[in-house]
Protein chains: 2
Amino acid sequence: MSTSNVLAEREQIVAAADRLFYTHGIQAVGIDRVRTASGVSLKKLYSLFPSKDALLVAVLRHRTGEWDAGIAEAAAQATDAREKILAIYDFLNEWFRQDDFRGCAFINSFGELGAVSPNVATVARDQKVTFQRYVANLVDEAGAPASLAPQLAILAEGAQTTAAISGTPDAAAHARAAAVVLIDAALSS
Amino acid sequence: MSTSNVLAEREQIVAAADRLFYTHGIQAVGIDRVRTASGVSLKKLYSLFPSKDALLVAVLRHRTGEWDAGIAEAAAQATDAREKILAIYDFLNEWFRQDDFRGCAFINSFGELGAVSPNVATVARDQKVTFQRYVANLVDEAGAPASLAPQLAILAEGAQTTAAISGTPDAAAHARAAAVVLIDAALSS
DNA sequence: TTTCGTAGAGAACGTGCGTTCTCTCGGCTA
DNA sequence: TAGCCGAGAGAACGCACGTTCTCTACGAAA
């Protein structure tokens, strides 16, 4: 029951909260529901996460890790920077087609609590900035001008909200096609 | 006290709720705060809007009208379809730089209540679909292939979330630059 | 075996909010 | 002038949720 068990419990709670928050929204899910789903006592839950806000921050940080890993895995099969960039949109394409897809958790959380919880706003912004840097590195590696990077990042963001609200997973393919045009135009100049 | 006054009261309530919801988030603002801000009795408020959900729908429909008007006004000065498309991003650019900008109200509302309120999800989707059609018409008018339209719409969506979360109003300029490349590439093929 | 500490289970508390109810007052009618 | 209708003001209600408190029971140490 030592450290490893505590970590396992943390992960269980975070995983349960993540699923519930993402599916139903944050304020629509009570702490007690998280407790039931994670099968842990309320006391333990509050000893690990002193508030719902802290739990939410942990959930979002966990999502950041999963997102980074997913992007990296998608890029692993690519050989050059251009393909690694396009792998982002392929990754999005698969994600959008999952049954439980309900948009970007960071965008949703920011929309729901960004004005009320500075912590949530910070975590969401951190995730976006990290992604923008990732894209910027690949653009640099591809030898394209730096101005291309924010354009590609905007395409990825727009695909997520479009897929979520309009319910069109094709948004990933559209974003990918646009990215191809933008990259090739940038490289040929 | 007759019809015109009721309309004025409706507008007052909607305007007050819009500002409060957009600034602080929907669930963070109580009905009583809306009542105070609009200076109307609770009874009248509930006689005009039978529930908070109905009020929110009215607010979002009102926002749809304002968005359409803003886009139309920006396009009014343009001479051809290409410039009308680019006027969208100029409109976004001005909007992002306003002090009270806090992202797209439809994206925020959808993230907060889309999973809980079907009405909110519908209104948000309607707005996005209407905008997509608007872009599609301009793309058609410009003589570009239809596949360009969703790409331009995705750029606009992505610019909004990027500007909101990352706090970078430049997203509008980046999206505009990308749009220029995409349009010209589509027209020259 | 007894005692002490700890952790689990959930009751309880305070608060806030959406919604409804009640009371009162002002104006119109006979 | 007396009675009635409608609307405004806000008190009240019921509920849900975040957080804390209490009680119980079990296991380890002496």
Side-chain angles (χ1 to χ4, degrees), chain A residues 1-14 16-60 108-109 112-120, chain B residues 1-14 16-60 108-109 112-120:
Chain A
M1 62 174 59
S2 54
T3 314
S4 69
N5 216 327
V6 168
L7 286 183
E9 273 168 341
R10 273 189 74 99
E11 281 179 22
Q12 270 186 354
I13 296 170
V14 167
D18 187 14
R19 187 169 39 79
L20 288 171
F21 288 168
Y22 182 67
T23 306
H24 303 100
I26 296 150
Q27 311 202 60
V29 172
I31 286 283
D32 203 62
R33 207 158 156 201
V34 174
R35 190 203 62 78
T36 302
S38 59
V40 100
S41 82
L42 211 54
K43 196 173 196 173
K44 171 135 282 182
L45 201 161
Y46 268 92
S47 76
L48 293 173
F49 305 98
S51 69
K52 192 181 185 182
D53 197 68
L55 173 58
L56 176 57
V57 167
V59 165
L60 291 179
N108 292 347
S109 301
E112 185 168 354
L113 294 171
V116 145
S117 163
N119 294 325
V120 171
Chain B
M1 57 184 62
S2 55
T3 312
S4 69
N5 218 326
V6 168
L7 285 183
E9 273 169 342
R10 273 190 74 100
E11 280 178 23
Q12 270 187 353
I13 296 170
V14 166
D18 186 16
R19 186 169 39 80
L20 288 171
F21 289 167
Y22 182 68
T23 307
H24 303 99
I26 297 150
Q27 311 203 57
V29 172
I31 285 284
D32 203 62
R33 208 158 153 201
V34 174
R35 190 202 62 78
T36 303
S38 58
V40 100
S41 82
L42 212 53
K43 196 172 196 174
K44 170 134 282 182
L45 202 162
Y46 268 92
S47 76
L48 293 174
F49 305 99
S51 69
K52 192 181 185 181
D53 196 68
L55 173 59
L56 176 57
V57 167
V59 165
L60 291 179
N108 292 347
S109 302
E112 184 168 353
L113 292 172
V116 144
S117 164
N119 294 327
V120 171

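Just so we're on the same page: letters track the sequence lines, and every chain starts at 1. Just so you know, these numbers use all the heavy atoms, side chains as well, and skip hydrogens, waters and symmetry mates. Predicted, not measured: the structure shown is a model, and the values here were computed from it.
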What nucleotide among D/dT19, C/dG8, C/dT20 has an atom nearest to a side-chain atom of A/K44? C/dG8
When rounded to whole Å, the CZ to P distance for the pair A/R35 and D/dT19 reads 15 Å
To the nearest angstrom, how far is B/L20 atom CG from C/dC17 atom C1'? 15 Å
If I compare all heavy atoms of A/E9 with all of A/L48, which pair ends up nearest, and what's the gap? CB-CD1, 4.3 Å
So B/V29, base contact, sugar-phosphate only, or nothing? Heavy-atom distance under 4.0 Å. sugar-phosphate
Round to a whole Å and report the spacing from CG of B/L45 to C1' of C/dT20. 14 Å
All heavy atoms of A/S109 vs all of A/V120, minimum pair found to be O-CG1, 3.7 Å
About how many Å separate CZ of B/R10 and NZ of B/K44, when rounded to the nearest 0.5 Å? 11.5 Å
Ignoring the backbone of A/S41, work out which of D/dA9, C/dG8, D/dG18 is nearest its side chain. C/dG8
To the nearest Å, give me how far apart CD (A/Q27) and C1' (C/dG16) are. 12 Å
Nearest whole angstrom, please: distance from the C1' of C/dT19 to the CZ of B/F49. 16 Å
Show, in sequence, the C-alpha distance, side-chain angles and deciding distance for B/N108 and B/F21, and conclude whether the side-chain contact (heavy atoms from CB on, under 4.5 Å) test is met. CA-CA 10 Å; B/N108 292 347; B/F21 289 167; over 6 Å; no
note: A/L42, atom CG; D/dT19, atom C1'; distance rounded to Å ~ 8 Å
How many whole angstroms separate atom CZ of A/R33 from atom C1' of C/dG10? 19 Å
Of A/D32 and A/K43, the one whose closest DNA chain D nucleotide lies more 5': A/D32
Using whole Å, what does the distance between atom P of nucleotide C/dG18 and atom CG of B/L56 come to? 12 Å
